[in-house]
Amino acid sequence: MSRNLIALIWLAGTVLAILLYVAGPGHFIGLTLAAVDRAEWVVANAIGFLSMQTFDLVRAAAIALFAVFLALGGLASQRGVGRGSGLVGVSVLFVVLIAIGGYDSRFCWFAALLVAGAGAVSMTQRLLWGPPRSPWQAGVERRSRI
């Protein structure tokens, strides 16, 4: 370990002792506790503010993804690529989640965001690559080389 670093630590300790003696140890402890209390209050308020902002972001994203899903679902049914059951099923599930949870339920809005996102991704895949092949549909069977 470097001697300079050790000397700096001893110097900082000496300066701290002098400052504590001049200010008074009781006042220093009180000021330190007040500063820690104030910092805790600031952090707690910042977390509360960010929590509300994040919740608003989740609600906005859920509604926007649901609108995207509806638009893509309408386009898919016009092109004959999508089935109406997926459009109806995701819509009913989205509305039920929102109706059960209400405006202030964080879990239900997050679940609705996931449902709308999965529906939008599914409709996007259907529009880009067509509907997925059923596992029971006859097709080319691939054999392993073993």
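- Leu33 forms part of a hydrophobic cluster together with Ile29, judged by ILVMFWY side-chain heavy-atom separations under 4.5 Å.
- With side-chain heavy atoms closer than 4.5 Å counting as contact, directly or through intermediates, Val121 stands alone and belongs to no larger hydrophobic cluster.
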List the atom pairs, with distances to 0.1 Å, where a side-chain N or O of residues 34-41 and a protein N or O form a donor-acceptor pair under 3.5 Å, not counting sequence neighbours.
none

Please output the side-chain donor-acceptor pairs of residues 48-73 that fall under 3.5 Å, not counting sequence neighbours, one pair per line with the distance.
residue	atom	partner	partner atom	Å
Thr54	OG1	Leu50	O	2.7
Asp56	OD1	Arg59	NH2	2.4
Arg59	NH1	Tyr103	O	2.9

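- Contacts classified as salt bridge (Lys or Arg N to Asp or Glu O under 4.0 Å) and involving residues 85-101 (residues at least two apart or in different chains) are not found.
- Residue Leu114 holds its CG atom at 11.0 Å from CZ of Phe94, rounded to the nearest 0.5 Å.
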Using a 3.5 Å cut-off and no angle test, enumerate the donor-acceptor pairs between side-chain atoms of residues 1-22 and protein atoms at least two apart in sequence or in another chain.
residue	atom	partner	partner atom	Å
Ser2	OG	Asn4	N	3.2
Thr14	OG1	Trp10	O	2.8

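- Heavy atoms only, all atoms of each residue included: Gly101 and Cys108 are closest at CA-SG, 3.5 Å.
- Minimum interatomic distance between Leu87 and Met123 (heavy atoms only, all atoms of both residues): N-CE, 4.3 Å.
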